[in-house]
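Every chain is numbered from 1, with letters handed out A, B, ... down the list of sequences.
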2 protein chains.
Amino acid sequence: MARKTKSDTEQTRQQLIAAARKVFALRGVSRTTLAQIANEAGVTRGAIYWHFKNKPDLFFAMLEQVSLPMIHRINENLPAVDLRDPLRGIQASMHEILRLMKEDEIARTTFEIVVLKCEYVDEFASLESRVIKTGCDFMQTLKRAYEEAREQNLLRDGIDPAQCAMESFVFIKGLIHLWLSDVDGTIVRGKAHSLIDAHIAMRYKQVLY
Amino acid sequence: MARKTKSDTEQTRQQLIAAARKVFALRGVSRTTLAQIANEAGVTRGAIYWHFKNKPDLFFAMLEQVSLPMIHRINENLPAVDLRDPLRGIQASMHEILRLMKEDEIARTTFEIVVLKCEYVDEFASLESRVIKTGCDFMQTLKRAYEEAREQNLLRDGIDPAQCAMESFVFIKGLIHLWLSDVDGTIVRGKAHSLIDAHIAMRYKQVLY
DNA sequence: TTATATACAAACGTGAATGTTTGTAAAGGA
DNA sequence: TCCTTTACAAACATTCACGTTTGTATATAA
């Protein structure tokens, strides 16, 4: 077979990842065969075994493509938006997550696979701890923002920043799951943004709107 | 082979369901083979094919065993606990869910499978809509409780009962997922109950504790 | 008591996915 | 120009899970 140039090679790799994402989302990770992925990418299994060790390896390569830039984009919204009001930063960060899932098809599909089309066992069990760890980092950032809000006397009395941060994390976790499950968009998707606003509004000392 | 009496037959069926639950939780639904389940139950695959059509059929039978009584137990806590304070009813219902997951191993394992060890595709895609539907019912009940709370002037100003109900549903969904993911219990499990209390407290007109 | 249906066990056949090996045409270096 | 390596395709061998069929001992009904 015709050997490709270096950029062609990388393109094949990217096509394989894209094909894997598509088939994973359609058939689920376990039920997806490497032949299906190869077929979707217009190559044979030989190409997969050249670029990746096996299915889990391809799976994690697919994750890498989105996880790192995503974490960065979400965190950068947190502190910077409005230094005088950290709650707005949290709010913006949450809206950004939703925006990503709506507009970025790659991110959305990847989320979908991680949440609904993957079983957390054996080689994939490590994914669980990775997700948890990322969540903890996010929670820490949230906590700092809430502490800052309290110092600025914005936070409602009797609210503990750490607990509040965890509750926000639980909230966004649940929201993501429900948003993804609500495929026809009749239950959650239409109201998700205003839900975030309500979630944040409840934390203010006085309700502003 | 020795034919069993009627009660023995039902016992075999229950053993198969218990074995399926155990192996599903360990290996994930897709990777679990019927031979593994039969082996765990101390029978052969012949017994499985006698009692169930195939793996999905066994899977849904396993769900039936817990879903119906569970829904009932959770809902019964909602309105009745304290008619003078519906928010306490919501709170009690949420605590009851946690209690179930902690103390009822069958319920916990089943939750674990549904949340972490199952891919929502093909025959199992219908499970997603079932979960969603159950959630919507729960949300409706929550909404009525919040409306009642508002009529009794317990609810904080500016809170919309429908939105508040959805946020509570999102909260409990996220909490269940994180509780299950937090296997070593260092992050969420120890604080889950107080998180619920904080979630409810934030909805009161004045913070009581 | 005999016949039949029950509740499985055991064996069979089949397809299909995996990992590996072999083949091969072209790219890139010397 | 020639050789080596690359980037796959294609073929192979093996395992394995599934569904089906057949066998069989025994409860139960007649």
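- For the OP1/OP2 pair of dA7(C) and a distance below 4.0 Å, the side-chain nitrogens and oxygens of Trp50(B) include at least one atom meeting the criterion.
- Listed by chain and residue number, Phe59(B) satisfy the ring pair (Phe, Tyr, Trp, His ring centres under 6.0 Å) test with Phe124(B) (two or more places apart in sequence, or in another chain).
- Between Arg108(B) and Asp104(B) there is no salt bridge, since no side-chain nitrogen of the basic residue lies less than 4.0 Å from a carboxylate oxygen of the acidic one.
- With rounding to whole Å, Gln11(A) atom CD is found 20 Å from dT6(D) atom P.
- Surrounding CZ of Arg27(A) are at most 12 heavy atoms belonging to other residues, nucleotides or ligands under 6.0 Å away.
- When rounded to the nearest whole Å, the span between CG of Asp8(A) and P of dG28(C) equals 10 Å.
- Spacing between atom CZ of Arg27(B) and atom C1' of dA17(D) amounts to 15 Å, rounded to whole angstrom units.
- Partner of His193(B) under the side chain to side chain donor-acceptor pair (under 3.5 Å) criterion, out of Arg99(B), Gln91(B), His95(B): His95(B) alone.
- For the pair Thr9(B) and dT6(C), the criterion of a side-chain N or O lying under 4.0 Å from OP1 or OP2 is not met.
- Under the side-chain hydrogen bond (donor to acceptor under 3.5 Å, both in side chains) criterion, the residue pairs touching residues 159-183 of chain A are Tyr146(A)-Ser168(A), Gln163(A)-Ser194(B), Glu167(A)-Arg203(A), Glu167(A)-His199(B), Ser168(A)-His199(A), His177(A)-His177(B), with sequence neighbours excluded.
- Taking atom CG on Leu16(A) and atom P on dA7(D), their separation rounds to 13 Å, with Å as the unit.
- If you take CG of Asp57(B) and C1' of dG19(D), they are 14 Å apart, rounded to a whole angstrom.
- Rounded to a whole Å, the CG atom of Asn39(B) is 15 Å from the C1' atom of dC16(D).
- In this entry the distance linking CD1 of Ile48(A) with C1' of dA7(D) reads 14 Å, nearest Å.
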Along nucleotides 16-21 of chain C, 5' to 3', which nucleotides get a B, which get an S, and which get a -, given that the test is a protein heavy-atom distance under 4.0 Å? -SBBB-
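- Note on His51(A): every side-chain N or O is 4.0 Å or more away from OP1 and OP2 of dA7(D).
- Proximity of Arg13(B) to Glu10(B): side-chain heavy atoms (C-beta onward) are separated by under 4.5 Å at one or more points.
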